[in-house]
Amino acid sequence: MQVKMENVDRISNLPDSILGYILSFLSTKEAVATSIPSSKWRYLFALVSNLDFELDESSQMLKISTIKSFMCFVDRVLFFHNTANINAFRLRCGKRVDSDRVYGWISAAIWRGVKHLGLSISLDNFTLPGVLFTCTTLITLKLETNLVLNVPKDVCLPNLKILHLKSIMFPNDDSVESLVSSCISLVELIICNCSTKKCNISHNSLKVLEIIRSVLYGSLVIDTPALAYFNDTYCVAREYSLKNLQSLIRADIAFLDIRFDSHQTKATAFFEGISNVNILVLSSSSLKVCFLITSLSQST
């Protein structure tokens with residue numbers, strides 16, 4: 001007996017919640033493209049909770065029409081998107097995108113309860129929305145942008161667990177301290193290619209700390225009793241104060257060059273601060289500093 005199979009669109013008959021989950025495995029552009037072939041799918045992309053927008057501006061030949069199309073695309077997605085339904089929002093764009101629209105996109109994501117926010121933007125004289133610094137839903141915040149970050153006094157990010165900062169300049173002595181202390185749930189902090197006058201990191205729950213290729217015109221103060229991993233790679237600071245690192249399991253240390261040996265007191269204080277570490281990984285220049293400190297100590 002031959003069974004006749006009808007041409008039935010079984011996928012479209014699935015509940016919208018399941019269809020939205022399926023679309024979440026696609027890129028934002030692909031998810032929106034599904035709205036074209038069928039009226040059933042016209043607004044299903046609004047159920048996607050992870051939004052990822054990227055405009056590659058590396059080419060000087062990028063057409064103005066392409067930039068306008070990108071901005072209209074982001075506008076359309078956010079306009080039709082369900083309120084309070086954004087889990088992750090990632091934006092990567094450069095100077096040719098309208099800064100006012102970027103400001104609005106970031107604000108829209110925050111107002112809709114975003115949990116994971118990643119911004120890689122390069123805009124002249126751009127200021128992040130003030131609501132970013134009091135967002136109670138944020139769990140992950142990754143900022144990669146060439147801007148001066150003015151941390152407001154009322155900053156409060158109570159649920160933030162992961163904070164990545166790249167290519168940022170902090171104008172005030174207490175900017176880093178204010179930002180870090182406002183994140184009471186913080187467990188991972190990465191500071192890369194940043195500059196600040198003073199870097200004071202005092203936190204009871206922080207477990208991972210990486211400071212990479214950053215310039216600290218003043219002191220680096222670390223007071224983190226729960227810290228398990230510490231990475232100091234090519235970080236320049238005038239003074240070091242590392243204390244309460246009794247939980248430290250691994251430290252990866254790479255000094256910028258051998259000139260650290262001319263400041264024996266500074267180098268000694270640094271290594272004394274991480275003396276409880278179980279696993280210590282040193283670059284060749286860092287190892288030379290250790291030998292120099294040892295030889296200088298034995299000669300005195």
Side-chain angles (χ1 to χ4, degrees), residues 50-54 86-94 102 105-107 109-110 113-123 126-152 155-172 174-196 198-216 220-222 224 226-237 248 250-254:
N50 297 329
L51 301 179
D52 192 335
F53 304 103
E54 180 174 356
I86 295 181
N87 175 65
F89 182 88
R90 177 179 173 269
L91 175 64
R92 183 181 181 88
C93 62
V102 172
W105 298 338
I106 299 171
S107 299
I110 295 170
V114 65
K115 295 179 181 178
H116 308 280
L117 181 62
L119 302 175
S120 180
I121 54 180
S122 179
L123 297 168
F126 183 73
T127 302
L128 291 168
V131 290
L132 171 63
F133 298 98
T134 55
C135 182
T136 59
T137 59
L138 269 182
I139 297 175
T140 302
L141 176 59
K142 298 181 180 181
L143 296 177
E144 180 181 352
T145 174
N146 294 310
L147 58 77
V148 177
L149 188 62
N150 290 296
V151 180
V155 57
C156 183
L157 301 167
N159 294 306
L160 194 71
K161 294 183 177 181
I162 298 175
L163 177 61
H164 294 183
L165 303 170
K166 185 175 182 180
S167 302
I168 290 174
M169 185 176 76
F170 294 92
N172 302 318
D174 58 350
S175 294
V176 176
E177 182 178 6
S178 298
L179 182 58
V180 172
S181 62
S182 73
C183 309
I184 58 175
S185 303
L186 195 65
V187 295
E188 178 179 307
L189 173 62
I190 297 179
I191 299 175
C192 180
N193 290 333
C194 295
S195 62
T196 181
K198 183 175 67 174
C199 188
N200 190 337
I201 302 172
S202 299
H203 205 285
N204 291 327
S205 63
L206 190 66
K207 294 183 178 180
V208 175
L209 174 61
E210 298 187 44
I211 305 177
I212 305 168
R213 297 183 182 275
S214 296
V215 178
L216 314 178
L220 171 62
V221 178
I222 299 176
T224 49
L227 195 68
Y229 175 67
F230 176 45
N231 177 8
D232 185 304
T233 301
Y234 302 150
C235 175
V236 179
L248 195 60
R250 173 170 175 150
D252 290 350
I253 309 300

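Computed from a predicted structure; not experimentally measured.
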**Item:** Chi angles and distances behind the side chain to side chain donor-acceptor pair (under 3.5 Å) call for His164, Glu210
**Value:** CA-CA 9 Å; His164 294 183; Glu210 298 187 44; over 6 Å; no
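- Of the inter-residue distances, the one linking Arg213 atom CZ with Asn193 atom CG reads 7.0 Å to the nearest 0.5 angstrom.
- No option in Leu132, Thr136, Leu138, Thr137 other than Leu132 meets the side chain to side chain contact (heavy atoms under 4.5 Å, CB included) test with Ile110.
- Of all the heavy atoms in Cys235 and Leu216, the pair that sits closest is SG-CD1, 3.8 Å.
- Here OG of Ser181 is found 11.5 Å from CD1 of Ile201. Values are rounded to the nearest 0.5 Å.
- Between Ser214 and Ile191, the closest heavy-atom pair is OG-O, 3.6 Å.
- Taken from CG in Asp232 to CD1 in Ile222, the straight-line distance is 7.0 Å, to the nearest 0.5 Å.
- Nearest heavy-atom pair across Cys135 and Pro158 is O-CD, 4.3 Å.
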**Message:** Pair Asp252, Asn231 - check side chain to side chain donor-acceptor pair (under 3.5 Å), show working.
**Reply:** CA-CA 5 Å; Asp252 290 350; Asn231 177 8; 5.4 Å; no
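- One distance of note links CG of Leu128 with CG of Leu119; it measures 6.5 Å at 0.5 Å rounding.
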With a 3.5 Å cut-off and sequence neighbours excluded, list the donor-acceptor pairs that the side chains of residues 139-151 form with protein atoms.
from: Thr140; atom 1: OG1; to: His116; atom 2: ND1; distance (Å): 2.9
from: Thr145; atom 1: OG1; to: Ile121; atom 2: O; distance (Å): 2.8

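- Between Ser195 atom OG and Phe170 atom CZ the span is 8.5 Å, to the nearest 0.5 Å.
- Here the straight-line distance linking atom CG of Leu117 with atom CZ of Arg90 works out to 11.5 Å at 0.5 Å rounding.
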